[in-house]
Amino acid sequence: MDLWPGAWMLLLLLFLLLLFLLPTLWFCSPSAKYFFKMAFYNGWILFLAVLAIPVCAVRGRNVENMKILRLMLLHIKYLYGIRVEVRGAHHFPPSQPYVVVSNHQSSLDLLGMMEVLPGRCVPIAKRELLWAGSAGLACWLAGVIFIDRKRTGDAISVMSEVAQTLLTQDVRVWVFPEGTRNHNGSMLPFKRGAFHLAVQAQVPIVPIVMSSYQDFYCKKERRFTSGQCQVRVLPPVPTEGLTPDDVPALADRVRHSMLTVFREISTDGRGGGDYLKKPGGGG
């Protein structure tokens with residue numbers, strides 16, 4: 001059906017208004033800039049996943065496909081002017097399975113993870129990610145391990161299978177032991193699944209700490225600018241000889257060491273500024 005001339009004029013006016021409005025919002029409204037940046041961040045990842053799927057599908061579900069995802073995602077930090085500095089990468093055990101535990105602040109953790117991700121390492125993620133369109137399929141092809149945290153029995157069963165996979169297939173896993181994103185500038189109490197996994201498989205735990213994003217990203221304030229993040233790989237924590245009874249103390253000890261480093265690297269001008277001086281910042 002042909003549009004009458006007035007409709008074409010209306011569409012043209014709307015298009016011109018949009019061309020004027022978007023740049024105005026970008027330069028005049030930090031909140032609008034935040035939403036634009038987050039929308040592009042998520043949309044770009046979904047688009048890159050579409051490109052990665054046929055390449056990964058050649059191997060099928062395989063942890064080696066994580067190298068493809070990492071290669072395709074490494075450039076995103078440059079788009080946002082975020083400098084990621086890695087220290088302590090030499091602490092990764094060179095030739096054995098291990099469990100990585102890392103703090104979890106936002107979806108931007110993906111940038112730090114891709115910067116330091118060791119070979120044959122896959123994250124353990126909540127099952128909902130599996131249904132996140134192209135990103136879910138790409139993650140499945142890359143060997144990401146999905147857990148339904150609402151069903152404790154299933155989660156325990158999956159963890160037992162993962163322990164066997166660590167040893168028989170020389171795989172490393174990346175776990176966020178806080179269990180959810182934490183925007184309050186500290187660390188939530190750690191869930192113990194990752195530590196039970198490491199003790200069951202008798203493999204080391206490698207703690208990784210990402211400095212606070214508060215100097216360039218804050219969801220509550222709708223702020224997203226350029227900035228710097230430091231990623232610190234800590235010395236591995238052995239679990240040989242430990243039993244399930246040792247897990248609570250092990251989790252507390254690892255969290256304490258990570259929180260100490262988090263506060264240090266988030267207040268030394270390398271990520272996070274002086275936010276810990278604000279009320280509620282210490283955690």
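If you're wondering where the values come from, they're calculated on a predicted model, not measured in any experiment.
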Does the side chain of [X] reach to within under 4.5 Å of the side chain of [Y], using non-hydrogen atoms?
| X | Y | value |
| --- | --- | --- |
| F262 | Q105 | yes |
| P204 | Q96 | yes |
| F92 | I208 | yes |
| L110 | I45 | yes |
| I76 | M114 | no |
| F176 | D109 | yes |
| L111 | Y41 | yes |
| P123 | M113 | yes |

Distance, nearest 0.5 Å, that separates [atom1] of [X] from [atom2] of [Y]:
| X | Y | atom1 | atom2 | result |
| --- | --- | --- | --- | --- |
| N42 | W44 | CG | CH2 | 13.5 Å |
| L74 | L69 | CG | CG | 11.0 Å |
| L130 | W140 | CG | CH2 | 9.0 Å |
| S106 | Y213 | OG | OH | 5.5 Å |
| K37 | R222 | NZ | CZ | 15.0 Å |
| L71 | L48 | CG | CG | 10.5 Å |

- Item | Which residues share a salt bridge (Lys or Arg N to Asp or Glu O under 4.0 Å) with D170, sequence neighbours left out | R172
- Task: Kindly write out the residues that satisfy salt bridge (Lys or Arg N to Asp or Glu O under 4.0 Å) with E178, not counting sequence neighbours, or none if the list is empty.
- Result: none
- Message: Please determine whether side chain to side chain contact (heavy atoms under 4.5 Å, CB included) holds for the pair V237 and R253, giving the CA-CA distance in whole Å, both sets of side-chain angles, and the decisive distance to 0.1 Å.
- Response: CA-CA 10 Å; V237 179; R253 178 159 52 94; 3.8 Å; yes
Does one hydrophobic cluster hold both [X] and [Y], with members joined at side-chain heavy-atom distances below 4.5 Å?
| X | Y | result |
| --- | --- | --- |
| V58 | L141 | no |
| I124 | W131 | yes |
| V144 | L46 | no |
| V254 | L242 | yes |
| L197 | V171 | yes |

Can you give me the closest heavy-atom contact between [X] and [Y], atom names plus distance?
| X | Y | answer |
| --- | --- | --- |
| G81 | S226 | O-CB, 3.1 Å |
| Y34 | R223 | CD1-N, 3.6 Å |
| M66 | V122 | CE-CG1, 4.2 Å |
| V116 | V233 | CG2-CG2, 3.8 Å |
| A201 | L167 | O-CD2, 3.6 Å |
| M210 | G112 | CE-C, 4.0 Å |

- Query: So M72 and V55, side chain to side chain contact (heavy atoms under 4.5 Å, CB included) or not? Walk me through it.
  - Reply: CA-CA 11 Å; M72 299 188 75; V55 181; over 6 Å; no
Donor-acceptor contact below 3.5 Å, side chain [X] vs main chain [Y]:
| X | Y | result |
| --- | --- | --- |
| R192 | P177 | no |
| S134 | A49 | no |
| Q230 | V209 | no |
| T239 | V203 | yes |

- Message: Surrounding CZ of F40 (heavy atoms of other residues, nucleotides or ligands, distance under 6.0 Å), is the total greater than 12?
- Response: yes
- Item | Neighbour count >12 (heavy atoms, 6.0 Å) for atom NE2, H75 | yes
My understanding is that only residues two or more places apart in sequence, or in another chain, count here; which of them pass side-chain hydrogen bond (donor to acceptor under 3.5 Å, both in side chains) with [X]?
| X | value |
| --- | --- |
| R59 | N65 |
| D246 | T243 |
| N103 | none |

- Any pair counted as salt bridge (Lys or Arg N to Asp or Glu O under 4.0 Å), so long as it reaches residues 114-125, sequence neighbours left out: E64-R120, K77-E115
- Query: Run the side chain to side chain contact (heavy atoms under 4.5 Å, CB included) check on Q228 and S211 step by step: do they pass?
  - Reply: CA-CA 9 Å; Q228 180 171 321; S211 63; over 6 Å; no
- Task: Evaluate the ring planes of Y80 and F224, with Trp represented by its six-membered ring, and classify them as parallel (under 30°), tilted (30 to 60°) or perpendicular (over 60°).
- Result: parallel
- Message: Go through it in stages, so that I can follow the logic: the residues are T165 and I145, the test is side chain to side chain contact (heavy atoms under 4.5 Å, CB included), and I'd like the CA-CA distance, side-chain angles, deciding distance and then a yes or no.
- Response: CA-CA 11 Å; T165 302; I145 300 162; over 6 Å; no
